[in-house]
Amino acid sequence: MIEITEIAKNVAVVKNEIARAARDAGRDPSEIRLVAATKMNDAERVRAAVEAGVDICGENRVQEMLEKNALGAYAGVPLHFIGHLQKNKVRQVVGLCSLIHSVDSVSLLQEISRVAEKRGCVQDVLLEINIGAEESKSGFSPEELENALAQAAGLPAVRVCGLMAIPPVCETPEENRPFFLKMKKLFVDNGQKKYDNVRMDFLSMGMSGDYTEAVRCGANLVRVGSGIFGPRQQP
Ligand SMILES: *Cc1c(COP(=O)(O)O)cnc(C)c1O
């Protein structure tokens, strides 16, 4: 594990790199928000990242998130859910997280809407796309997306705010470019169709190894973990 004092330096480096990639692509750096992927880092380390200026915290596991939230780890920034969400954990996430990045089935969308409606709120979500068509990954295929959006349009308490992807593991960031560009095209094409409860505001893609490439291809939410916190301890 890296020293806690390194976290602020890393956040500064990542923010700089994001700004540089944005300007390279002719984009305004302020359009892009940095989500710290905080899994396996304790509340103290998360607070260090928040103090250093990450825009958002993103968690993967519900139990870990609830424990750190009770310690005030995320105070001052929005909290997003970025991991695989099981239907029986939806109750613990709705309302607490301002955005769920990782909705990967229509039945999960329905469950989120059901829980949010009961609470009297509307939950913002992204739809996860399995852009590399990988057996091991969840998410909608590009062909399934239209049906998912049409289903979302009929749900009372869920609002689709964009798309998210985790492309295949690659040797170099450039190899992910075709996947990022495909995502950008899906994002733009589907943003032009008008569905109720759907607006394509956020394109969540890019992790420590490839976030600059993702920004060049149009991402406006990047999820960076080890680039901020150092390598994670293997469980
Ligand atoms: C862990 C994680 C990240 C960050 O991964 P790094 O390679 O450590 O930057 C991003 N997105 C999701 C969904 C993750 O689980």
Side-chain angles (χ1 to χ4, degrees), residues 1-2 4 6-18 21 32-42 45-46 48-50 52-65 68 73-74 77-86 89 93 97-105 108 124-132 134 136-140 161-176 179-180 183 202-235:
M1 274 215 299
I2 61 165
I4 200 157
E6 298 288 309
I7 291 172
K9 290 184 211 159
N10 288 344
V11 168
V13 169
V14 170
K15 289 180 87 161
N16 244 320
E17 292 286 309
I18 290 171
I32 296 130
R33 266 165 262 183
L34 172 58
V35 182
T38 47
K39 59 173 176 274
M40 297 170 76
N41 284 282
D42 65 16
R45 294 168 73 82
V46 174
V50 170
V54 302
D55 298 305
I56 295 156
C57 287
E59 281 289 354
N60 282 72
R61 289 187 193 82
V62 173
Q63 190 55 37
E64 185 183 336
M65 177 173 78
K68 283 191 255 179
Y74 317 112
V77 295
L79 177 58
H80 290 181
F81 195 79
I82 64 175
H84 179 70
L85 181 57
Q86 291 167 287
K89 303 255 170 75
V93 174
C97 294
S98 56
L99 185 67
I100 303 172
H101 288 224
S102 40
V103 174
D104 55 8
S105 70
L108 180 58
D124 286 350
V125 303
L126 306 181
L127 299 184
E128 181 172 353
I129 307 296
N130 186 357
I131 198 66
E134 292 174 280
S136 62
K137 285 206 179 115
S138 46
F140 297 97
C161 300
L163 305 177
M164 178 268 214
I166 309 173
V169 175
C170 287
E171 298 282 313
T172 66
E174 293 74 38
E175 284 175 59
N176 275 337
F179 298 114
F180 290 149
M183 284 298 299
F202 297 114
L203 181 55
S204 169
M205 58 187 192
M207 317 204 305
S208 295
D210 56 17
Y211 66 88
T212 55
E213 199 60 46
V215 166
R216 279 191 277 270
C217 296
N220 57 14
L221 285 174
V222 295
R223 310 176 310 267
V224 179
S226 49
I228 291 173
F229 299 104
R232 284 179 288 276
Q233 232 77 340
Q234 290 308 312

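Note: hydrogens, waters and symmetry copies are ignored here, and every other heavy atom, side chains too, is used. The shown structure was predicted, so the numbers you read here are calculated from the model rather than taken from an experiment. Read the numbers this way: they start at 1 and go in the same order the structure lists the ligands and their atoms.
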Between [X] and [Y], what is the shortest heavy-atom contact and its length?
{"X": "Asn41", "Y": "Glu64", "answer": "N-OE2, 4.1 Å"}
{"X": "Cys57", "Y": "Val50", "answer": "SG-CG2, 3.7 Å"}
{"X": "Ala21", "Y": "Arg216", "answer": "O-CG, 3.8 Å"}

Quick one about Glu17 and Thr212 (side-chain donor to acceptor, distance below 3.5 Å, no hydrogens or angles considered), yes or no?
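There is no such pair (donor and acceptor under 3.5 Å, judged by atom type) between the side chains of Thr212 and Glu17.
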
Sub-4.0 Å heavy-atom environment of ligand 1, residues by chain
Ala37, Lys39, Asn60, Ile82, Ile166, Met207, Ser208, Arg223, Val224, Gly225, Ser226, Arg232

Could you check Glu59 against Lys68 for salt bridge (charged side-chain N to carboxylate O under 4.0 Å, His left out), going step by step and ending with a plain yes or no?
CA-CA 10 Å; Glu59 281 289 354; Lys68 283 191 255 179; 2.7 Å; yes

Give every donor-acceptor pair under 3.5 Å between a side-chain atom in residues 221-231 and any protein atom, sequence neighbours left out.
from	atom 1	to	atom 2	distance (Å)
Arg223	NH1	Ser204	O	3.1
Arg223	NH1	Ser204	OG	2.8
Arg223	NH2	Ala165	O	3.2
Ser226	OG	Ser208	OG	3.3

